[in-house]
Amino acid sequence: MTDTKTETALSSDAAEVRRQKLDLLREQIGDVYPAHFHRTITNADLATKYENLEPDTETQDVVTVAGRVYSSRNSGMFMDIHDASGKIQIFSHKDVTPEEARNMLSMIDIGDIIGVTGTVRRTKRGELSINAREITMLTKSLLPMPEKWHGVSDIEIRYRKRHLDIMTNEESKLRFQQRSKIISGIRRFMENDGFMEVETPMLHSVYGGATAEPFKTHHNTLKLDMFLRIAPELYLKRTLVSGLTDKVFEINRNFRNEGVSTRHNPEFTMMECYWAYADYEDIMDLVERLFAELAVKIHGSTEFAYGDKEISFKGPFKRVPMPDAVKEVTGIDFLAIKTDEEARAAAKAAGFAVEKDWTWGECLAFIFEEKVEGTLIQPSHVTHFPKDISPFAKEVPGEPRLVERFETYCNTWELGNAFSELNDPVEQRARMVEQLEQAHARGEKEKQLDDEFLDAIDQGMPPAGGLGIGVDRLIMLLTNAPSIRDVILFPARRAKAD
């Protein structure tokens with residue numbers, strides 16, 4: 001095994017050889033990075049068009065392809081070039097390729113991007129190929145590629161230099177192609193369901209809609225401190241108030257100045273929607289229909305594997321109230337507990353370390369996170385959350401300590417969060433004031449009351465169901481990715497050490 005210094009030296013030497021070739025190419029052909037090149041077919045379309053071409057068959061069909069050189073054999077006589085859709089073999093020989101084109105071969109390195117015009121054939125071994133008549137240098141690569149069959153093994157380099165990861169790792173390439181399909185699938189599903197897509201601000205003068213630490217910036221012209229949004233909720237609800245549409249959604253980037261883990265990235269994607277004249281049970285049905293459709297889109301079935309688990313997105317999902325789930329796992333019946341003090345005592349008696357000022361609802365939610373979340377493998381809607389931790393949801397009739405809220409879990413992860421939205425302006429103001437006081441008590445002095453939102457709610461918001469889905473986690477599940485960094489093209493990384 002070579003040490004790091006040797007690897008660096010080899011890389012430097014290889015790069016110098018490529019630069020020398022670049023200089024020679026400029027002398028011989030002039031423009032090594034031409035602005036225009038028109039291919040006539042992609043590699044995938046070529047394979048489809050000629051899938052029935054018999055081995056050892058030549059055609060007179062002339063095509064023009066382009067792509068990056070991934071392998072070269074017999075001094076360039078055989079090359080594999082890849083475009084975004086797949087690969088094609090290029091055959092260059094004196095019997096079929098003019099001398100001018102053959103002279104290019106010694107100047108072509110793995111990683112270069114070339115264009116080729118020639119006739120289509122299938123070799124005796126069944127390999128679809130192009131007999132090269134013209135070869136055009138389109139981009140000279142000045143750095144060697146990682147070995148295709150080994151790829152980029154260093155996980156840090158994979159995330160920091162994603163272009164190399166995708167270039168050499170078909171699994172990564174497929175995953176990001178699937179990510180695109182999933183996001184477009186979400187958009188198409190929502191539009192087909194009658195939802196209107198809108199765009200709301202990413203810069204907020206008052207941050208809200210979730211409990212999270214924001215990123216702070218400053219607007220020079222307005223002389224105003226601003227925050228990158230932690231959620232689009234309050235703007236989307238104002239859209240409902242306006243009457244623009246009864247069903248609104250946004251696929252949005254949110255920013256939370258918090259930890260990084262296999263399931264958390266400071267910048268992440270959510271789909272958030274609000275549906276007038278619906279409630280949280282209507283939203284449960286929507287989630288089940290959406291998840292099933294996405295699974296079929298990616299896997300052709302509602303059943304798929306994640307790691308060693310078989311997951312089913314076939315509805316209906318299990319639905320369980322949070323107090324019932326906690327009672328089933330721990331034996332603690334929170335609905336029989338009347339006060340905050342009794343809740344803390346019951347939690348401590350069961351061996352849970354709770355804070356001295358925690359409320360009944362905070363104790364319930366904490367024990368749920370500690371003991372129940374880890375049991376939720378198949379998709380499940382956990383309903384009836386404590387009002388203490390749900391300032392935007394309507395109370396459950398007959399049980400004022402609980403609200404009409406659910407979170408969807410799968411593989412122990414929270415994938416979605418939904419409410420029957422609170423639209424009583426007096427109650428909404430009271431809860432937001434209480435939430436603000438709690439934030440200030442925690443030291444969040446920059447947290448402010450969103451008076452513009454409250455003013456809009458005073459105008460009257462229809463009853464509605466609301467939903468937020470963590471798109472990155474959903475993509476992790478559907479693409480069998482072990483980390484959120486595997487489904488975000490350019491995840492947050494620490495500064496590179498010198």
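No experiment lies behind these values; they were computed from the predicted model shown.
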Using a 6.0 Å cut-off, check whether atom NZ of Lys371 has over 12 heavy atoms from anything other than its own residue. no
The test is side-chain contact (heavy atoms from CB on, under 4.5 Å); show your working for Gln178 and Ile475 and say whether it passes. CA-CA 8 Å; Gln178 290 175 327; Ile475 292 171; over 6 Å; no
What side-chain donor-acceptor pairs closer than 3.5 Å can you find for residues 352-359, not counting sequence neighbours?
residue: Thr359; atom: OG1; partner: Glu362; partner atom: N; Å: 3.2
residue: Thr359; atom: OG1; partner: Glu362; partner atom: OE1; Å: 3.4
residue: Thr359; atom: OG1; partner: Asp388; partner atom: OD2; Å: 2.6

For Val260, does its backbone N or O pair with a side-chain atom of Arg485 as donor and acceptor, under 3.5 Å? no
Taking atom CG of Leu422 and atom CZ of Arg431, what is their separation to the nearest 0.5 Å? 4.5 Å
For Ser420 and Tyr280, indicate whether the former's side chain and the latter's backbone hold a donor-acceptor pair under 3.5 Å. yes
Considering only NZ, NE, NH1 and NH2 on the basic side and carboxylate oxygens on the acidic side, decide whether Arg263 and Glu414 come within less than 4.0 Å. no
Min side-chain heavy-atom separation Asp451-Arg429 under 4.5 Å: yes
Thr269 OG1 to Arg473 CZ distance, which is reported to the nearest 0.5 Å: 13.0 Å
Student check: side-chain heavy atoms of Lys338 and Trp360 closer than 4.5 Å: no
For a quick test of reading the model, state the closest non-hydrogen atom pair linking Arg158 to Ser172 and the distance between them. NH2-OG, 3.4 Å
Within the distance-only criterion (no hydrogens, no angle test), does the side chain of His381 pair as donor or acceptor with the backbone N or O of Glu281 below 3.5 angstrom? no
When you check the side-chain N and O atoms of Arg39 and Thr64, is any donor under 3.5 Å from an acceptor? no
Looking only at heavy atoms, what is the nearest atom pair of Ile337 and Ala346, with distance? CD1-CB, 3.8 Å
Less than 4.0 angstrom from a charged side-chain N to a carboxylate O is my criterion; do Glu293 and Lys297 meet it? no
Under a 3.5 Å distance rule, please check whether Asp83 uses its side chain to pair with a backbone N or O of Ser85 as donor and acceptor. yes
Are the side chains of Met284 and Thr383 in contact, using a 4.5 Å heavy-atom criterion? yes
Show your working on side-chain contact (heavy atoms from CB on, under 4.5 Å) between Val403 and His384 and close with a plain yes or no. CA-CA 5 Å; Val403 294; His384 294 64; over 6 Å; no
Mark yes or no for whether Lys247, through its side chain, and Asp193, through its backbone, hold a donor-acceptor pair below 3.5 Å. yes
When rounded to the nearest 0.5 angstrom, what distance separates CE in Met432 from CG in Leu234? 5.5 Å
Should the pair His204 and Tyr235 be assigned to parallel (<30°), tilted (30 to 60°) or perpendicular (>60°) ring geometry? tilted
Answer with yes or no whether the side chains of Glu303 and Ser312 bring together a donor and an acceptor at under 3.5 Å. yes
Are the aromatic ring centres of Tyr409 and Phe368 under 6.0 angstrom apart? yes
Minimal heavy-atom distance between Leu294 and Leu474, with the atoms involved, is CD1-CD2, 3.7 Å
Taking Val372's backbone N and O only, do any of them form a donor-acceptor pair with Thr375's side chain (distance below 3.5 Å, no angle check)? yes
Do Glu191 and Phe249 come close enough that some side-chain heavy atom pair is under 4.5 Å? yes
To the nearest 0.5 Å, what is the distance between CE (Met270) and CG (Leu467)? 8.0 Å
Determine, step by step, whether Phe334 and Ile367 satisfy the side-chain contact (heavy atoms from CB on, under 4.5 Å) criterion, reporting the C-alpha distance in whole Å, the side-chain angles of both residues, the deciding distance to 0.1 Å, and the verdict. CA-CA 11 Å; Phe334 268 86; Ile367 295 175; 3.7 Å; yes
Closest heavy-atom pair, Arg162 versus Leu489, reported as atoms and distance to 0.1 Å, is NE-O, 2.8 Å
Quiz: residues 316-325 side-chain donor-acceptor pairs under 3.5 angstrom, not counting sequence neighbours:
residue: Arg319; atom: NH2; partner: Asp285; partner atom: OD1; Å: 3.0
residue: Arg319; atom: NH2; partner: Glu288; partner atom: OE2; Å: 3.3

Measure from the side-chain N and O atoms of Asn43 to the backbone N and O of Gly86, and report whether any donor-acceptor pair falls under 3.5 Å. yes
So, do Arg179 and Asp472 sit near enough that their side-chain heavy atoms are less than 4.5 Å apart? yes
Counting N and O atoms only, with roles assigned by atom type, does the side chain of Ser141 sit under 3.5 Å from a partner on the main chain of Thr139, one being a donor and the other an acceptor? no
Can you establish whether the number of heavy atoms outside Glu51 located under 6.0 Å from its atom CD is more than 12? yes
So does Lys314 have more than 12 non-hydrogen atoms from other groups sitting under 6.0 Å from NZ? no
Check whether any side-chain heavy atom of Met145 lies under 4.5 Å from a side-chain heavy atom of Arg68, and answer yes or no. yes
Is there a side-chain contact between Leu203 and Leu228 (heavy atoms, below 4.5 Å)? yes
Keeping Gln428 on the side-chain end and Leu454 on the backbone end, is there a donor-acceptor pair under 3.5 Å? no
Thr200 and Arg229 side chains, donor-acceptor separation under 3.5 Å: yes
When rounded to the nearest 0.5 Å, the distance separating CG of Asn265 from CZ of Phe490 is 13.0 Å
Of all heavy-atom pairs between Ile377 and Cys410, which one has the smallest distance, and what is that distance? O-SG, 3.3 Å
Side-chain H-bond candidate by donor/acceptor type, Asp486 with Ser483, under 3.5 Å: no
Could you check if a side-chain atom of Ile457 sits within less than 4.5 angstrom of a side-chain atom of Asn423, using non-hydrogen atoms only? no
In terms of relative ring orientation, are Phe304 and Phe313 parallel, tilted or perpendicular, with 30° and 60° separating the classes? perpendicular
Mind checking the OG-CG spacing from Ser205 to Leu224? Nearest 0.5 Å is all I need. 6.0 Å
Check the surroundings of atom CD in Glu452: do more than 12 heavy atoms from other residues, nucleotides or ligands lie under 6.0 Å from it? no
Should we say atom CD of Glu399 is surrounded by more than 12 heavy atoms from elsewhere, each under 6.0 Å from it? yes
I'd like to know if the side chain of Asn169 and the backbone of Asp165 have a donor-acceptor N/O pair within less than 3.5 Å. no
In terms of heavy-atom contacts, does CD of Glu341 have more than 12 from other residues, nucleotides or ligands at under 6.0 Å? yes
Taking every heavy atom of Lys394 against every heavy atom of Pro463, the minimum-distance pair comes out as NZ-CB, 3.9 Å
As a quick check of understanding, evaluate side-chain contact (heavy atoms from CB on, under 4.5 Å) for Glu404 and Ile283, giving each step before the final call. CA-CA 11 Å; Glu404 292 189 350; Ile283 299 294; over 6 Å; no
